[in-house]
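Here is the naming used below: chain letters follow the sequence lines, and residue numbers restart at 1 for every chain.
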Amino acid sequence: MLIFFFGTLNSQTDQSFFQIFSDQQMFCFCKGFILFLTSLIVSSYCCQAAIVGIDPSLASHYSDPKTFTCLDNSKTIPKSYVNDNYCDCEDGSDEPGTSACPKGNFYCHNEGLLSKSIPSSRVNDGICDCCSGEDEVSGKVKCTNTCKELYLDQISDQLKEQEIQEEGYKLRLEIRKETNEKKQYLQEQIEITKEEYEKAEQESEKMSEKQQVCEKWIYAQKKNRKKVLKKMIQERLVSKNMEIANSEEKNDKDFCFLHKDPKIKKITKEFKNLFFGAAKKELEDLKKKIIREKSSMFTEKRNKKTEKEKFEKIGDLDLGIDNEFYYLFDNCIEYKENKYTYEVCPFDKVTQKENGNTYKLGNFKQWGELTNQESDSDNDNENENENEKKNAKANKEQMEFTGGDKCWNGPNRSTTVLLKCGLKNEIKNVQEVSICKYQMTLLTPIVCEKPKNKITIPDLTTNQEKKNIHDEL
Amino acid sequence: MLNSLIKHSNSSLWLKQTLSWNGLNQIKRFYDQKVVDHFENPRNVGALDKKKQSVGSGIVGALACGDVMRLDVDIDDEGVIKQAVFKTFGCGSAIASSSLATELIKGKSVDEAMGVTNTEIANELSLPPVKLHCSMLAQDAIRAAICNWKEKNPNHVCVCGPEIAMSPKKNRIIFNLYLATDPKKNKQFQLLYMKKVICFFLFLFILILCCECADQSKFKLCSQSTFCENNREIRKNGSGPRFSFVPSSAKIDENKNLFQVDLLRFDELEPKLFLEISSVIPGVVRVKINEKDPDLNRYQVEGVLLTENFNYQNAEIVTQNEEFVLLRFGSEKEKHVDVKLFYGPSWKIEILNSDGEKIIVLNHDSLFNFEMDKKDFLLNKEKQKEDKKEEKKDPGKEKEEEKEEEKEKEKEKEEEKEEEKNQEDDQPNYEERFGGNTDSRPYGPSSVALDVLFPDTEHIYGLPEHSTKLSLEDTEEGEPFRLYNVDILEYETESRMSLYGSIPVIISKPNNQKTLHGIFWFNPSDTWIDISTQEAQTKTKLFGKNSHVSKRAHWMSETGVIDLFIMTGQEGKMYQVFEMYDTLTGFPYFPPSFSVAYHQCRWSYKTQKEIQNLNEKFDEYDIPVDVFWMDVDHTDGKKYFTFDPRTYPDPKQLSKTVSEKGRQLVAIVDPHIKKENSWELYKEAQSNDYFIKKSDGQTDYEGHCWPGTSKWPDFLNPKVIEWWSSRFSYDKYEGSTNNMHIWNDMNEPAIFNGPEMSIPRDTIHLGEIEHRNIHNSYGLFVTKGTFEGLIKRNKNQNERPFILTRSFFAGSQRYCTIWTGDNMANWDQLKYTESMLLSLGLAGAPLSGEDTGGFLNNPDEELFSRWFQTFAFHPFFRSHSHTDTKRREPWVFGDPYTSIIRESIKIRYSLLPFYYTQFYKASTKGKPIMRPLWLVFPEDVNLLNEEVENFSYMVSSSILISPISEKNQRSKEVYLPKGNWYDFHTLERINSKGKSYKIDAPLEKIPIFYRGGKIVPRKMRVRRSSRLMENDPITLFVFLDENKKSSGTIFIDDGHSYDFKNSKKYIHQKIIFQNNKLFTKTFHSNYDPALIERILIFGLDQTPKNIMDNNNQDLIFNIDENMDMITIKMPNLSIGHDWQIFIQ
């Protein structure tokens, strides 16, 4: 360890490279000097940390005091080549602390709070990428240590989130209870509406039959009357004709044209009035009445059918545990942004209104992501079976709406609705992610989860104290 | 497919209609349902009685544009529109727009109706951008109708007076074709249905015309341009009007630098023209022909030539006789140029180099033409008329005696007619109609034309901007090349139609010579050029018959003077011609270093948030980027110099956010000014009378562009340039910052409803100059104003501007970078881009690029990736896309494509020191950055072969790029001129014998080679933006040629200021390898030295024992014998210091 320690020291003096040693390293250097005088064990702690930018999980690879083997095993180089601001290893592993290697990574320890790995190209570029500022030691910029604030911010965000989750989860349970109660009702409704529909169907069939009978009767009546009329006219005519025939001795042929005789016409008219005036109206009224009844019957049948279908659809939908997503059914949510008004009706459709124009942004297609094939083809019938299978498994955090109005030079509009936990149903944002493809975030309690690991406010002072103890050692 | 078929089927109606069946589905997809609805069921079709006092009628549009609209309104006493009806001939959008317009205005008051805007209509119908003009037409129709009513009811003041309103009389025919019928008449249902069917197919037909090839029909063919047709006619007839010089008038002026001689037309007594020859800088001959009468002197645009650079050469007459005069310009022995002028009758002028070889011959084929002014024509016409009258009178006399009474009546009529005629005669009709627009041409025909012969030359280049092959093709079989700046949305490849900009420069490469000559036809008016090949057999003593192939360019300009600069190159100096041209018109500007890096654009990033998001996303995907672009939508209602407060509430904050990562913004500023009385900028321009005037010279010209009704500042007026530039100051351009730069688009100027999508030629600029005189230079002056504005906005005036322009002319290189406009995402365009940019480079505009990925349509992953791979090597590297295309930020396609794109961009960033040096060199020497191979290897005759030439190009003379421009192509035959070449990716060496090699081109890479003998500086630490790489160390790539030699230069400065110029703060150093020694030659070193972290030497063919610097310090190195590569690790040297390295 000690040898290595001086190794790094030598490399500094020999080659006068800039930007090698971080504050931390210098800190280590001083500290190391004291430690060297006091304790070897502690110095080892220090010097492992002395190689700037290594991911602690890889620290063992850097422990050899004389040589270093690139992590991809491509070559072995003198230890002094590590972090000498020159890239020796193809994989960048010899320069964890400098920007020399294009493929390298720098590990921000960030005081153990929010440690992360960043590309080497962000080391010493004048931008503080680590909250501790350990990536910027060239002096180009002075970074303020923001780790604690950042951490606390993050924690407080997480706490807020957690609070919402908890609260939302409670709501969800309540909703679940309600929907569960409705489960029976829904099941019943499915049955009831089915029955009702069947009943209505039967009735309308009956009505059809009735109408047929009725029409037949009317027809018969008409026919009958016509017959009677015809008969009467004929009778009258015969007598009349006889007269004419007798008087004028016409040919048989001419007989056919007798009805053109004004006198005969007059007679016919008289008879017609006699037979059809009031009677006809009566029959017509009757017919109308039947038609009216029949149409109302059909309307009812239709209503029953839609109702039945609605409940059948609900039955087909994957509504999650205890039908909890029934909560979103028939529940349209509006959102205004600039001149646009968006409306999401879950399980139904998404629309966008602008200056009185309404565009459909998609009909509900399924839970979960669309495969590429699906999103490319507008054909809704394809892969239906697969979809059903997928629906069963699909996560309930994303709803896909497809087949909306066509864009003038693009695809049919479509929308992805992401469900996120919130205390009430509201749309958080709308984005047009690519031409005519929308993405919305819908907040709703129905996706709130019970927080698994409860986050608590960390005791940062203890961390610090622990450090202090080390220093004192 | 449909598209291309139609374009190539020579307007076969049958084919188009058959195709339209197939196109049915496509069309339905193109349009919003509302358009189709309004088209199929047009509301309020019909016409009202125009004689009625309460009826106003307006007709707008132009048949050739495809749309004519008549809209009648019936207005009651209270000024409320009782009824509105329309008749429209045009495509579906036009019919739908007018149908909707009538719906909208019914029941509205006159004032309200005047307020109906095209955007309202367009939004309602969701009209596609290419159809926006339809909605504008509807808006105009409303206004025209109301104005017509107001004229009848003069108690109202007419405020609109649309430019394009026409009297209905002129367009009678149109309405016979009118499409929509009244659907309410039930009896005619059958008929109507039939009509609808026909109508729909007509609609489809027109729609295809409108959408697919409207571009073609919107722009003139030579045959539709009187002067082009006439001058071509001259060629067919053999020669133009005969002129000859007047030998007695020949003289050299007092200053001994101008030779002058009069030019006399054969049928005239007095010479009306005179010619001037001078040499304005060594090697450049200027030939100018103008009218002699100073009152008739033609307008010559100022501000294009840099007259301050002129260095007139001494002119002397060497020999003179009756036949010719031989002039000599320049006293220095080897640099002088001789001009041999033959007096005529078939006059010609030969330009000879110092060896007496003919370089260029003017008027070789006597195609010279100089249409004199109106008076000339008036005289002719009057003569003709008098002749005609006399002819008529004779037979009339006999009849007179016979029928006196009738005759008297006839006479009266005749007199009336004659009166009419006379009225017409007073204003002879030179009008030229095109596309429903009439050009009044009050000054009559005034074209100028001249043929220029390039003797013994097979290849000539230049005449940008055209999407053709680099070597100019013969045009005898088709359209000439045209230079007339216009806005073409979907331009075709292999077309000689004019595009957005023009540089009237031809560069000639004489056969078997290592030099280039050039001519610059200094005329910014509408110009056509016919190219042809002439073969001549000559007998030589030694070799018997010799065939000489020569090229001829026949220049034809609408007006102006003949002002020709002939730039003569000397043998062995390939780049001299560029320096000469740039001395005349200016060296390219030196933009800030960020502009060399990658630019991300889209029409449009609609909100500030979107750009902030991009700023993060690029980092997330580890893709470097320097500039984010803000297209038209960032403005408040398309009022440039403003930000939309809803979408860009805090542009300064945005600017700050991106600058934290060393990044920049570019905002668009177009030259059309929205006509909005409440807008301060408009008011200012209006009150100062800064706008271009209509042909009457009094009222402002109004046209339509993005904001709706707009006006165009008269950039010919120095005060306007001054005013325009003042608008860029930080306090006036609120929200702008010093890391926000400017994009000038639509500066042809583009006008949606103007003739050929531009401004009418008879509009008037300051000093009663007709627009036709200056058209092609308008864009140049816009950028000049912008350039001055960006200089002035900083107090110290020390910051270098970055400007992008679409329209350009000779001289534009001084102010801005050029991009090639609205290209399309297809392989063909990718292919032709290279030659477009190469051509621009040869014509003095090396800083250019194209919309990477193709502006229109959606590229597939492969095309998009290939596009990035080659475009990463173009001088200007920007991705841009149309608002109707799918998103295509580099990460959209996912891997492997994202990785390919990332890699391409990173390669560009690693080459920034090299590119920046090339930019500097271009700005000082005028050398093209992208070069055709023949320019770098003039001795290699194979390279003039078309096949080879179009396959690869060079960046400077160091890197060869061979683009892959075909789908699924995975390898390529790449021609490598003789010498050493090093694969860019593998660094393997090919010692080429001057032939083609098959090079692999998997999806991940395209063939790229370093040239042996060149040193390329790179920065291998690629960071998020170029500014963050400023202080990073440099890696030198030293590629040795067969003689183990190599060299390269590097330029370093602060990258953004004029300090390099004003206080000479820069480093310019040459690095040379020879005799196993790498050493520097410093031209100038007065800036922070840049550390060298690594030197790579390739092709040494020997294993060095040790490598030492000039302090005898051993340097650490290692050798890769397979690659023949020596790597020197951290040599502790800097660019800016002098040093030597010895290899032993």
Side-chain angles (χ1 to χ4, degrees), chain A residues 14-19 75 77-78 80-81 84-88 92 95 98-105 118-129 138-141 337-339 354-360 372 378 405-412 429 431-437, chain B residues 26 28-35 120 123-131 211 606-607 609-610 613 619 622 624 646-647 660-662 856-858 881-889 892 906 909-910 1020-1025 1027-1033 1091 1093-1094 1116 1118 1129-1130 1132:
Chain A
D14 280 353
Q15 289 172 327
S16 68
F17 296 126
F18 65 114
Q19 305 170 0
K75 57 177 151 181
I77 51 172
S80 61
Y81 283 16
D84 66 346
N85 203 21
Y86 181 87
C87 192
D88 294 287
E95 296 294 317
T98 75
S99 60
C101 288
K103 287 181 186 163
N105 283 304
I118 58 169
S120 288
S121 64
R122 294 180 193 178
V123 174
N124 284 331
D125 64 351
I127 299 171
C128 307
D129 291 283
S138 67
K140 226 193 260 179
V141 283
E337 190 178 71
N338 295 336
K339 51 188 175 173
E354 182 209 357
N355 299 336
N357 294 328
T358 306
Y359 300 98
K360 196 189 267 180
N372 274 341
D378 288 320
D405 290 334
K406 193 140 209 117
C407 281
W408 80 270
N409 196 16
N412 284 354
N429 60 46
Q431 267 182 300
E432 193 179 348
V433 282
S434 83
I435 175 130
C436 301
K437 280 191 173 175
Chain B
Q26 279 195 328
K28 276 194 172 171
R29 210 173 56 215
F30 282 149
Y31 281 91
D32 194 86
Q33 279 186 338
K34 279 182 194 149
V35 177
E120 222 169 299
N123 285 344
E124 179 80 22
L125 292 174
S126 317
L127 282 184
V130 287
K131 294 274 128 196
C211 301
K606 292 204 172 97
T607 61
K609 237 169 123 186
E610 237 180 302
N613 192 29
D619 292 349
D622 191 25
R646 283 171 307 172
T647 53
E660 275 165 9
K661 287 181 179 163
L856 292 139
N857 306 343
N858 295 310
S881 49
H882 190 277
T883 181
D884 291 317
T885 58
K886 288 182 190 164
R887 282 304 179 107
R888 53 166 103 135
E889 284 69 35
V892 170
K906 282 191 168 181
Y909 273 74
S910 73
M1020 304 313 283
R1021 305 180 184 199
V1022 173
R1023 301 192 190 257
R1024 279 168 282 190
S1025 72
R1027 197 201 285 165
L1028 304 182
M1029 294 163 63
E1030 263 174 6
N1031 301 320
D1032 282 337
L1091 199 73
E1093 67 171 335
R1094 190 186 290 107
I1116 305 167
N1118 62 51
K1129 176 177 174 174
M1130 296 197 285
N1132 199 14

Query raised in the report: In terms of heavy-atom proximity below 4.5 Å to chain A, should B/Glu660 be classed as side chain, backbone, both, or neither?
Result: backbone
Report summary line: Cut-off 4.5 Å, heavy atoms of chain A, and the answer for B/Ser1025 is neither
**Report entry** A/Asp125 vs B/Arg1021, salt bridge (Lys or Arg N to Asp or Glu O under 4.0 Å): CA-CA, chis, key distance, verdict
**Finding:** CA-CA 10 Å; A/Asp125 64 351; B/Arg1021 305 180 184 199; over 6 Å; no
Query raised in the report: Given a strict heavy-atom distance threshold of 4.5 Å, which part of A/Val141 is in contact with chain B: side chain, backbone, both, or neither?
Result: neither
Report summary line: Rounded to the nearest 0.5 Å, the CE atom of B/Met1020 sits from the SG atom of A/Cys101 at a distance of 11.5 Å
Query raised in the report: In Å, rounded to the nearest 0.5 Å, how long is the span from OH of A/Tyr86 to CD1 of B/Ile1116?
Result: 9.0 Å
Query raised in the report: Which value, rounded to the nearest 0.5 Å, describes the distance between A/Ser121 atom OG and B/Leu1028 atom CG?
Result: 9.0 Å
Report task. First locate atom CZ of B/Arg1023, then atom CG of A/Asn124, and finally report the distance between them rounded to the nearest 0.5 Å. Result -> 7.0 Å
Query - More than 12 heavy atoms of other groups within 6.0 Å of A/Lys103 NZ - result: no
Report summary line: From the list B/Arg1024, B/Arg646, B/Arg1094, B/Glu1093, the residue making the most non-hydrogen contacts under 4.5 Å with chain A is B/Arg1024
Requested in this report: Mind checking the CZ-NZ spacing from B/Arg887 to A/Lys437? Nearest 0.5 Å is all I need.
Outcome: 13.0 Å
Report task. Below 4.5 Å from any heavy atom of chain A, which atoms of B/Asp619 appear? Answer side chain, backbone, both or neither. Result -> both
Query raised in the report: Going from CD on A/Gln431 to CD on B/Glu610, what distance comes out if it is rounded to the nearest 0.5 angstrom?
Result: 8.0 Å
Query raised in the report: Is it the backbone or the side chain of B/Lys606 that comes under 4.5 Å from a heavy atom of chain A, or both, or neither?
Result: neither
